[in-house]
Amino acid sequence: MISFYPGPSRVHDEIPRYVQDAHELGVMSINHRSDAFMAISERTVSLLKQRLNIPSDYTIFYTSSATECWEIIAQSLITDKSYHLYNGAFGQKWHEYTQRLHSGATAVPFGVEEKLDPAKLTFAEEGVICITQNETSNGTQVPSALIKRIKKNHPKHLIAVDAVSSMAGIALDFKAADIWFASVQKCFGLPAGLGVMICSPQAIERSNHIAEKEHYNSLTFMTSMMTRWQTPCTPNVLGIYLLMRVLEDSDNIKDTQEKIVARYEDWVTFLSERKTIAPLVSNRAVHSHTVVPVTGDADTLQHIKALAKKHDILLGEGYGEWKATTFRIANFPALKKKEIKKLMAILKKF
Ligand SMILES: *Cc1c(COP(=O)(O)O)cnc(C)c1O
């Protein structure tokens, strides 16, 4: 089955071989305080920085998921106020989760077709500005350049960015914000169960100043453990090892982005030539490059999904309010050209 689901999605072909290697090398049983683990952890951090062009003074943490990152930010970096800019289900969920811990979590919703205007976004009270860079539920994105403008206009605020379904697919300007996070079952092409959180020196400084120490995953505790390439609890050692192996094989993100954007353009051209289906979002200026949602009438979509399934292709279901009238196509790096061609051949029949 080829999974075009926007996460969990198709994993890289080499994964079974790397799992076998991990078994043979004893990686699955190593102690998470051992030199062997610390070497894998350090190398993975170094490769993440190299491949994704992350500034050397940023700190990288391992988490279990992106949801855990939402929680860490709420626990350790938000004291009262946070502002949540979103136009879809994931950004909304992030706001809801944070609001359970802080009544000061403020929703700043915007339209699916709307391009944010940074001049109109002003946040008077100090707090964390939370942005969902790539909204997986509706296939829209907030470009790095826009995030950078928001940061420039609010130098004292921390900016936190959910880049779960874009990191490792497109090039992100990490200097434009303070906290970035993703989980690996999307663009990284890995099995689920591992997240990465990337923090600027300003974010680390803020967390040390707030000095929240109530949780096993308090950021202060995680920061002190990471000075020895370790985590407070036993991490997903196999996941970290697989991430290291995949990164060793990866191109620099600039090259991956080129491939992803070219494929995205192919999808837009292809969809513009169809009669019964079309892109869900018409404003191309806000299109995601890594998640392509398609709309059509419910009957057509049902036939498409059934035929795709018959050909061993899994499409992403529509999400939330778009459930019945959309399906989503992952445009993640692990998917192959011939697999995309196969899916296009099916869609051409409609
Ligand atoms: C998938 C996804 C999440 C949740 O990731 P988990 O690893 O399940 O916690 C959060 N935000 C976005 C934008 C996502 O696509």
Side-chain angles (χ1 to χ4, degrees), residues 3-11 60-75 82 84-101 105 107 109-110 112 128-144 147 159-170 172 177 179-198 217 235-236 238-240 242-243 260 280-281 286-293 314-323 326-335:
S3 177
F4 278 88
Y5 222 101
S9 191
R10 189 197 198 292
V11 297
I60 299 181
F61 301 97
Y62 303 111
T63 65
S64 62
S65 66
T67 305
E68 189 191 351
C69 299
W70 290 344
E71 183 116 341
I72 292 168
I73 293 164
Q75 284 171 180
S82 59
H84 297 259
L85 279 63
Y86 65 81
N87 70 357
F90 284 100
Q92 184 179 0
K93 226 188 243 185
W94 186 4
H95 169 245
E96 285 165 6
Y97 277 43
T98 306
Q99 201 168 43
R100 289 184 209 163
L101 297 183
F110 59 98
V112 172
V128 180
I129 301 169
C130 301
I131 302 169
T132 303
Q133 193 276 323
N134 198 72
E135 178 50 74
T136 321
S137 69
N138 57 28
T140 59
Q141 71 170 327
V142 180
S144 283
I147 297 173
I159 315 270
V161 183
D162 178 332
V164 177
S165 53
S166 55
M167 192 187 291
I170 61 162
L172 299 164
I179 305 115
W180 298 80
F181 55 89
S183 35
V184 298
Q185 73 273 20
K186 313 256 164 116
C187 285
F188 284 94
L190 285 157
L194 178 68
V196 289
M197 190 166 87
I198 301 161
N217 56 1
N236 182 346
L238 177 61
I240 295 169
L242 296 177
L243 174 59
I260 291 299
L280 170 68
V281 179
V286 300
H287 273 186
S288 158
H289 288 128
T290 52
V291 179
V292 180
L314 181 68
L315 293 169
E317 291 291 340
Y319 205 98
E321 61 181 290
W322 296 288
K323 200 163 178 72
T326 59
F327 62 88
R328 293 171 301 154
I329 303 169
N331 183 29
F332 294 167
L335 285 152

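Keep in mind the model is a prediction, meaning the values are calculated, not measured. Note that ligands are numbered from 1 as they come in the structure, with each ligand's atoms numbered from 1 the same way.
Here the closest heavy-atom approach between residue W94 and residue I73 is recorded as CZ2-CD1, 4.1 Å.
Considering only residues two or more places apart in sequence or on other chains, T290 meets the side chain to side chain contact (heavy atoms under 4.5 Å, CB included) condition with N134, S166, I170, C187, I260, S288, F332. With sequence neighbours excluded, the residues satisfying side chain to side chain donor-acceptor pair (under 3.5 Å) with N217 are E68, Q75.
Aromatic ring orientation, Y97 versus W70: perpendicular (interplanar angle above 60°, classes split at 30° and 60°).
At least one heavy atom of Q185 sits less than 4.0 Å from an atom of ligand 1. Within the structure, ligand 1 lacks W94 among the residues with a heavy atom less than 4.0 angstrom away.
Among protein heavy atoms, the minimum distance from atom 11 (N) of ligand 1 is reached at D162 OD2, 2.7 Å. Taking atom 9 (O) of ligand 1 as the reference point, the nearest protein heavy-atom neighbour is T67 OG1, 2.6 Å.
When each atom of ligand 1 is checked for a heavy atom of T136 under 4.0 Å away, the hits are 12 (C), 13 (C), 14 (C), 15 (O). Atoms of ligand 1 lying under 4.0 Å from at least one heavy atom of S183, given by number and element, are 5 (O), 6 (P), 7 (O). The contact set between ligand 1 and K186, taken as ligand atoms under 4.0 Å from a residue heavy atom, comprises 1 (C), 2 (C), 3 (C), 14 (C), 15 (O).
The backbone N or O of S137 sits less than 3.5 Å from a side-chain atom of E135, completing a donor-acceptor pair.
Every N/O-N/O distance between N134 and ligand 1 stays at or above 3.5 Å. Annotation: V164 places no N or O atom under 3.5 Å from an N or O atom of ligand 1; distance criterion only.
In this structure, the ring of F327 has its center no less than 6.0 angstrom from the ring center of F4.
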